[in-house]
2 protein chains.
Amino acid sequence: MAQRGSYAKGVAKREEILERALDVIATEGYDGASVKRIAEAVGLSQAGLLHYFDSKEELFTEVLRKRDEHDGEQFGLPDGRSGDATAIDVAVIRESFLRVIRHNMEVPGLVELFSRLAVEAANPEHPAHDYFLERGEAVRDGFALTAPPGPMPPDVYARILQAVADGLQLQWLVDPTVDMAGIVDQLLATLQQNPASAS
Amino acid sequence: MAQRGSYAKGVAKREEILERALDVIATEGYDGASVKRIAEAVGLSQAGLLHYFDSKEELFTEVLRKRDEHDGEQFGLPDGRSGDATAIDVAVIRESFLRVIRHNMEVPGLVELFSRLAVEAANPEHPAHDYFLERGEAVRDGFALTAPPGPMPPDVYARILQAVADGLQLQWLVDPTVDMAGIVDQLLATLQQNPASAS
DNA sequence: GTCTATACTCGGATAGAC
DNA sequence: GTCTATCCGAGTATAGAC
C-alpha cells in the first residue's frame with residue numbers, strides 16, 4: 001500500500017506504474033489486461049506491483065483516474081467550479097469535449113477499460129463505484145455549463161450528453177467505423193441552437 | 001449442440017433453458033452469472049447444460065436474443081421492415097420505446113448482462129459480436145422512423161437515441177435513482193419538435 | 001441426454017526469503 | 001521494496017459412465 005509511509009519514493013513509484021499502465025493499455029490495447037501484464041510492462045513482478053495497490057480493481061480504477069488527470073491537462077476541461085458560462089466558454093467547452101472524443105478514438109484500449117469498469121462499478125463494493133459517481137458528476141457539471149436556455153433542465157441536458165458519449169463508445173467498440181466526434185458535433189449543433197425557449 | 005439432430009426435444013429444451021435463464025437473471029440479478037448458476041436454476045448440471053450450448057458466451061448471447069424476442073412481443077417494437085412512418089406511428093414507436101425503458105428499470109440483472117456483453121463483444125471473435133451489430137441496426141431502423149425532418153440525418157439521429165439509451169443504462173447501473181425513462185422522454189420532446197427544418 | 005468427476009487454465013492473492 | 005514460489009478459487013470444458 002503506497003499510503004503507508006507515503007515516502008516520496010512509494011508515491012513516485014505508484015505514479016510511474018500508473019503512467020506506464022496507461023501507456024501500455026493505450027498503445028497495446030486492452031485485452032483482458034491483467035495485473036501481470038502491466039507488471040511486466042513496468043518491469044516488475046506481479047507480486048511486486050501488488051505491493052503498491054490493494055487489488056487489481058484498485059489498480060485499474062487508479063489508471064482511469066490518472067487518465068482523467070491527463071485529459072484534464074491536455075484538453076483543458078472545466079473543473080465544475082465555475083458558476084456560469086459566457087458564450088465564449090460554451091464554444092471552448094464544446095471544442096474541448098470534441099477533442100477528447102477524437103483523442104479517445106486513438107486509444108480503444110482505454111475506452112474498453114473505461115466501459116468495462118463502468119459496468120463492474122455497478123457493485124457498490126467495487127473501488128470504481130465511487131470513482132464513477134464522482135466523475136459522472138464532474139463531467140455533468142461541465143456539460144451543464146453549455147446547456148441552452150429552454151424547457152430542458154441543465155442537469156437533464158448534461159445527463160444526456162454524458163449518455164451519448166458513453167453510449168457511442170459502446171457502438172464504436174463493436175464497430176470502429178462509427179464517427180463518434182461527428183455525431184456528437186451534430187447533436188450539439190441541434191441542441192444548442194434550440195429555439196424553443198418557452199418554459 | 002442443439003443444432004445436431006435438432007429433434008424437437010433438443011430445441012424445446014434449449015428454449016426452456018433460455019426462458020429459465022432469463023427469469024433467473026431478471027429476478028435474482030446478474031452477479032457474475034455463471035453457467036453453473038443457470039444450470040442449477042434449470043435443474044441441470046453444468047455439464048448437462050453445456051450439452052446445449054457451445055460455450056458460456058454463446059449461452060448468454062442467446063439469452064439476450066431471447067430477451068429481445070420477448071420485448072418485441074410484449075412492447076410491439078417495429079421490425080425495421082416498414083418504410084415510412086405516419087404521425088401516429090411515431091407516437092406509437094415512442095411510447096413503445098419508453099415502455100421498454102421502464103421495463104428495463106425492473107430488471108437490473110438483464111441490463112447488466114447486456115452492458116457487459118456489449119463491451120466484450122468488441123472482440124470480433126465473441127459470439128455476441130454479430131448479435132450487437134445486427135441488433136444495433138434493427139434498433140436504429142426503428143428509431144430512424146421517428147426522426148423529424150431537419151438538418152440531422154435520420155441515421156445520426158438514430159445512433160444518438162441508441163447511445164442515449166445505452167449510456168443511461170451505465171449511469172443507472174451505478175446510480176439506480178437515475179430516471180432513464182423521464183430523461184429520454186424529455187429528449188424526444190425536444191428533438192422531435194425541433195423547428196429547425198432548414199437543410 | 002444427463003450426470004459425476006476431473007482436468008486444466010487463468011489470474012489474483014499471500015508467505016516468506018533476500 | 002521486490003522477488004520467487006505457492007496457493008487457491010473460480011469457472012469452463014471434457015471424458016466417460018449410465
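Quick note on labels: first sequence line is chain A, next is B, and so on, each numbered from 1.
- Using a 3.5 Å distance cut-off with no hydrogens or angles, the side chains of Tyr157(B) and Thr190(A) do not pair a donor with an acceptor.
- Ring centroids of Phe75(A) and Phe97(A) are separated by 6.0 Å or more, keeping the two rings apart.
- Across all strands shown, Leu49(A) has no heavy atoms under 4.0 Å from either base or sugar-phosphate atoms.
- With rounding to whole Å, His51(B) atom NE2 is found 17 Å from dG16(D) atom P.
- Between the side chain of Glu112(A) and the backbone N or O of Leu173(A) there is no donor-acceptor pair closer than 3.5 Å.
- A straight line from CD of Glu40(A) to C1' of dT2(D) spans 15 Å, rounded to a whole angstrom.
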Full working for side-chain hydrogen bond (donor to acceptor under 3.5 Å, both in side chains) between His70(A) and Glu19(A): CA-CA 10 Å; His70(A) 279 193; Glu19(A) 295 291 353; 3.0 Å; yes
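- Across the protein-nucleic acid pair, Phe53(B) atom CZ and dA13(D) atom C1' stand 16 Å apart, rounded to whole Å.
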Output a table of nitrogen or oxygen pairs between the protein and nucleotides 12-14 of chain C separated by less than 3.5 Å.
from	atom 1	to	atom 2	distance (Å)
dG12(C)	OP1	Lys56(A)	NZ	3.3
dG12(C)	OP2	Val35(A)	N	3.2
dG12(C)	N7	Gln46(A)	NE2	3.1
dA13(C)	OP2	Lys56(A)	N	3.2
dA13(C)	N7	Gln46(A)	OE1	3.3
dA13(C)	N7	Gln46(A)	NE2	3.4
dA13(C)	N6	Gln46(A)	OE1	3.3

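- Between Gln192(A) and Leu187(A) there is no side-chain heavy-atom pair separated by less than 4.5 Å.
- Counting non-hydrogen atoms of other residues, nucleotides and ligands closer than 6.0 Å to NZ of Lys36(A) gives a total of 12 or fewer.
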